[in-house]
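Encoded as structure tokens, the structure appears first; notes follow it.
In what follows, chains are A, B, ... by sequence order, proteins preceding strands, each numbered from 1.
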2 protein chains.
Amino acid sequence: MKELPVEAGTATQVLDVAERLVQTRGFNGFSYADVAAELNLSKAALHYHFASKADLGQALIARYSEHFGAALDALDIGAECARAKLDGYVELYEGVLRDERMCLCGMLAAEHETLPAAMRDAVVAFFDFNEVWLSNVLEQGKREGDLQFAESAMVRARILMGGLEGALLVARPYADVSRFQQIALHLIQELEAHPSTARNG
Amino acid sequence: MKELPVEAGTATQVLDVAERLVQTRGFNGFSYADVAAELNLSKAALHYHFASKADLGQALIARYSEHFGAALDALDIGAECARAKLDGYVELYEGVLRDERMCLCGMLAAEHETLPAAMRDAVVAFFDFNEVWLSNVLEQGKREGDLQFAESAMVRARILMGGLEGALLVARPYADVSRFQQIALHLIQELEAHPSTARNG
DNA sequence: GTCTATAACGAGATAGAC
DNA sequence: GTCTATCTCGTTATAGAC
């Protein structure tokens with residue numbers, strides 16, 4: 001039986017701090033010293049939990065992907081229609097921005113040429129599973145008649161994800177959530193099925 | 001009278017190499033040593049031309065913005081309609097990706113929290129002038145009847161620019177230009193005026 | 001304008017005590 | 001599991017010769 005996380009283990013605390021640092025400063029923009037200082041640990045203690053920075057990076061992507069996947073599972077269970085799932089998906093991104101962060105994998109995508117191969121692969125895998133999930137939601141929405149789009153569901157999924165990543169990227173230097181919201185609203189609304197153009201009433 | 005750039009000055013060569021390194025590895029992902037090695041110069045020689053890395057960074061954004069602005073001026077003169085200007089704008093981004101690069105300011109936007117204030121301001125100014133140019137093109141297209149959109153021209157400009165930046169960001173780890181093209185095509189096509197929905201025939 | 005040399009610092013990482 | 005101490009290397013930057 002799992003205990004309540006009254007006090008998170010050190011490894012978890014390290015991941016929490018490192019995750020925030022990567023999402024705000026980039027993988028090349030933070031150091032073990034930064035994490036250690038924030039947790040009042042020594043650098044050596046960090047190396048005990050994550051032998052190398054590359055290991056820490058892989059662990060960060062793995063956990064982020066798990067958490068994101070769990071959030072998508074929750075949407076699959078809780079949301080009543082495809083449109084509601086998309087709203088939930090957008091809110092995940094908006095939450096990241098409200099926290100003054102970039103998507104972890106969006107940040108790492110920018111730095112991808114400097115990353116160890118394992119991290120690069122994990123970033124691509126993150127995008128892949130996002131696209132597959134979105135693609136399924138889009139297919140559902142089309143099937144059920146509350147979403148419409150001309151492209152394949154996979155291409156439309158790429159348009160959505162790319163649009164949201166770009167909206168985060170540009171909105172952050174402005175520290176302006178409404179910039180993100182304007183773009184996100186458009187991406188959702190252009191998928192709405194309008195009676196006048198829908199197939200067969 | 002300007003001379004032909006048969007042999008570019010050292011400062012220009014430094015900017016060329018540094019620009020490519022920032023666009024591929026990020027501002028925190030390259031060093032003076034990298035640039036010096038590539039040009040067979042000493043690090044000290046670089047410091048003669050650009051006293052600090054922050055100075056080099058500012059010079060990079062300034063030159064990139066000038067070049068980009070000149071390209072937009074050329075589109076204003078050469079393109080026959082708003083739609084053609086947008087095509088040209090998209091091609092600028094596609095050229096960056098074909099060179100296996102990220103937009104300089106898109107990359108710096110990701111790293112913005114780690115940048116000197118002057119660089120941060122210059123990045124935002126780059127986005128601002130892009131949005132103003134796009135907004136004017138969109139207004140022109142609406143006026144002349146070959147573009148249509150529901151939002152304000154400024155909001156639509158943000159949708160376009162954010163979409164293209166995001167398309168670059170995600171396409172690059174895949175090293176797949178078609179990923180970018182799919183998104184860019186959608187962004188342009190959704191602006192096309194269709195007779196069935198256009199105002200007053 | 002470019003060099004060698006070096007300063008001053010911070011990075012990632014390791015050894016070994018507790 | 002965390003520490004101190006240390007190593008090695010790379011970083012930005014400067015001094016002063018050529």
Across all chains, not counting sequence neighbours, the side chain to side chain donor-acceptor pair (under 3.5 Å) partners of B:E113 are none
Do A:R63 and A:D16 meet the salt-bridge criterion of a basic N to acidic O distance under 4.0 Å?
yes
Do B:R20 and B:E100 meet the salt-bridge criterion of a basic N to acidic O distance under 4.0 Å?
no
Under the ring pair (Phe, Tyr, Trp, His ring centres under 6.0 Å) definition, can you give me all pairs with a residue in residues 147-192 of chain A, not counting sequence neighbours?
none
Starting at CG of B:L39 and ending at P of C:dC3, how long is that distance when rounded to a whole Å?
10 Å
Would you list the pairs meeting ring pair (Phe, Tyr, Trp, His ring centres under 6.0 Å) in which at least one residue belongs to residues 116-138 of chain A, sequence neighbours left out?
A:Y64-A:F126, A:F68-A:F126, A:Y89-A:W133, A:F126-A:F129
Tell me whether A:E80 is salt-bridged to A:K85, with the criterion being a basic N under 4.0 Å from an acidic carboxylate O.
no
Reckon A:N28 touches a base, only the sugar-phosphate, or nothing at all at heavy-atom distances under 4.0 Å?
nothing
Salt bridge or not between A:E131 and A:R158? Use side-chain N to carboxylate O under 4.0 Å.
yes
Taking atom C1' of C:dG1 as reference, at what distance in whole Å does atom CD of B:Q13 sit?
13 Å
May I ask you to verify if any side-chain N or O of A:Y48 is less than 4.0 angstrom from the OP1 or OP2 atom of D:dT2?
no
Give the B/S/- string for nucleotides 5-18 of chain C, one per nucleotide from 5' to 3', where a protein heavy atom under 4.0 Å of the base yields B, of only the sugar-phosphate yields S, and otherwise -.
------SBBBB---
DNA chain C contacts among residues 115-123 of chain B, heavy-atom distance under 4.0 Å
none
Would you mind classifying the nucleic acid contact of B:D55 as base, sugar-phosphate or nothing, using non-hydrogen atoms under 4.0 angstrom?
nothing
Qualifying ring pair (Phe, Tyr, Trp, His ring centres under 6.0 Å) pairs, either residue in residues 33-53 of chain A, two or more places apart:
A:Y32-A:H47
